Structure formats: structure tokens, C-alpha cells
There are 2 protein chains.
Amino acid sequence: MTQVRKRSQMTPKQASACCRPIDNLLDPELFRALSDPTRVRLFGCLIKCGRACLVGEVAECCSVDLSVVSRHLQLLERAGILEVVKEGRTVSYCVKYGVLCEMFRSIANAIESSCPVHQHAA
Amino acid sequence: MTQVRKRSQMTPKQASACCRPIDNLLDPELFRALSDPTRVRLFGCLIKCGRACLVGEVAECCSVDLSVVSRHLQLLERAGILEVVKEGRTVSYCVKYGVLCEMFRSIANAIESSCPVHQHAA
DNA sequence: TGCGTACTTGCGTCATAATGCAAGTATACG
DNA sequence: CGTATACTTGCATTATGACGCAAGTACGCA
């Protein structure tokens, strides 16, 4: 019996070697961007606002310094979940709704497809 | 016109005051658990393995000390995404697939329902 | 061209967190 | 009982990150 083991018999080390959809989806950088309460609060405001918002506007949601808000928004943009729009001396950020939805759905699907119970159903 | 503003006219501060499904879903603690590369690697192994794994087994996936792995797994368990099973002197962890799928799907749905384009369609 | 507005960046401080080693605990086994 | 196994915990070290203040930049406007 030299064939591929059933997944339930694999060691975690063996499992780590086999490539699955989940491998490219669990990005620590993305999760890190959402791991700070202040940042999540700002992000939540933007999501619910539903339009591009000025840095100064967003800063009103929180009691932290404007410079802190500026850096948080930059970080969320670098994480790929906010889009920045610079016009003259103003800077606006808006949520990349499509990217976010697709990302979270893909993660959910990938996890589901790795679930042993789901394998039975398939 | 003292009625509720259309969402596209809200300031982020006003938006922060109105309660949406997304409010209780973006949990910084959850994301923090997935914000460390080593932890994500261990978590990925468990997801792909599809069964309960011993701490020692999981440690083979990574080049870090066993004590570090032990602590990472404890943290993921406290975040609610791993389940711990203690039997005799062994300790196993397994992924809470259902919880994870539902969580990520809920986030995706909540974000989608806050998307202005989605509002048009509704 | 001088001033105000709207951010951004440099820097120091404080807090949190990742890691390894060594020691400790708890259970199984002979 | 004594010893090996399977972790867990204490502790020191080092790294990362959040924050505020102050200074800097970039643009618009009179």
C-alpha cells in the first residue's frame, strides 16, 4: 500500500506539505491589519459610512491623534482593504467591499473544503 | 428635512453611531490570533490535517521550540477557533471548522450588506 | 508670496508579544 | 517506587507596535 494516505491518517507535518486552497488565503498581514481595536473601529466606521472619507473626518470617530489615524488608514490600505484617493491637499479612503467579501468567502469555502465531514458529503 | 440621512451623506462619525451587523463580527482578538506567521502556519497544518493532533505532532511542522507551539495552540483555543482534548498525559487540538466557516461567511455577508452598490440592488 | 488647511513623518516612550531555555507538573509504564 | 514521556510554565531577552507631540510637506487661496 504505497498510495497516498487518507487525510485522516496524515500527520500535521505531512499535511503541511500538501497544497490546498487555504494555503494562500490565510495571510497574517491581512489579519494583523484587523488585530488592533482602534484600527477596527476606524475600519468599521468606513464600512458603515459607505463612501470615501477624509482622514480628518475619520479621526472624529476616535479619540486618538490625527497622526495615529493617518497611520492606521495607511496600514489598512497597504493591507489591500482600503483604497486611497488623493485630491489636492485632501486624502480620502474608501473600503474595497468587493475584495473583502470575496476574500472572506474564499477563506470560508477553503476551510469548509478541508473539513473531514465535508469530505464525506462530497 | 429632519429625517434620517441617506447613508452616502453620513459622516464616518454619524455612521459609527448606527448599529449594523458588522459591529459584532469584526473582533480584533480573533484577527490577532491569526496575525502571527508562525501561528498561521501551525493553524494551516491543523486545518489540512483534518483531525485532532498532539502538540508534539504539530511542533514538527515548525522549527520553533515545543513550548512556543504549546503557547500558540493555547492562544488559538482561547480565540475560539481550536478545540482542546486532554487525555492522560497527551493534549490534542482540532479545528472548529463549523465555527470558522460561519464566522467568515457572516463577516462577508455583513460587509456586503453595508456596500452602497449592494444597497441599490436591494 | 504669505498664510491657513490637511495631512504626513520623525522620534521618543511605553506596552505587548514572540522566542528559547530551564524547571516544573502530570501521567503512564515497568 | 522510579523513570520516561508529554507537555506547561517561569523568566529573561529581543522585537514589534501603538501613541502623542512636534516639525515638516503639499496644496489652495487671497
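Chain letters run A, B, ... following the sequence lines, proteins first and then strands; every chain starts at 1. Remember, predicted model here, so these are calculated numbers, not experimental data.
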Got a salt bridge between R105(B) and E112(A), using NZ or NE/NH1/NH2 to carboxylate O under 4.0 Å?
-> yes
For E60(B), check side-chain hydrogen bond (donor to acceptor under 3.5 Å, both in side chains) against everything at least two apart and list the hits.
-> none
Report yes or no: do V58(A) and L75(A) belong to one cluster of Ile/Leu/Val/Met/Phe/Trp/Tyr joined by side chain heavy-atom distances under 4.5 Å?
-> no
Gap separating the NZ atom of K13(B) from the CD atom of E57(A), nearest 0.5 angstrom = 12.0 Å
Ion pair K48(A)/D23(B), N-O distance below 4.0 Å = yes
Geometric class of the F104(B)/F31(A) ring pair [parallel <30°, tilted 30-60°, perpendicular >60°] = tilted
On DNA chain D, which is the earliest and which the latest nucleotide, 5' to 3', with an atom closer than 4.0 Å to a heavy atom of chain A?
-> dG17(D) to dG28(D)
Charged N to carboxylate O under 4.0 angstrom, E102(A) versus K96(A)?
-> no
What parts of residues 26-38 of chain B reach DNA chain D, counting only heavy atoms under 4.0 Å away?
-> none
Minimum heavy-atom separation for C62(A) to T38(A), with atom names?
-> SG-CG2, 4.0 Å
Do V84(A) and L54(A) share a hydrophobic cluster, counting only Ile, Leu, Val, Met, Phe, Trp and Tyr and linking them when any side-chain heavy atoms are less than 4.5 Å apart?
-> no
From L46(B) CG over to C53(B) SG, what is the distance, rounded to the nearest 0.5 angstrom?
-> 5.0 Å
Hey, could you give me the CD1/OG distance between I47(A) and S113(B), rounded to the nearest 0.5 Å?
-> 9.5 Å
Which atom pairs link the protein and nucleotides 27-30 of chain C when you take only N or O atoms and keep those under 3.5 Å?
none

So which of residues 65-77 of chain A are in contact with DNA chain D, with a heavy-atom cut-off of under 4.0 Å?
-> D65(A), S67(A), V68(A), R71(A), H72(A)
For R71(A), which residues count as a salt bridge (charged side-chain N to carboxylate O under 4.0 Å, His left out) partner, sequence neighbours excluded?
-> none
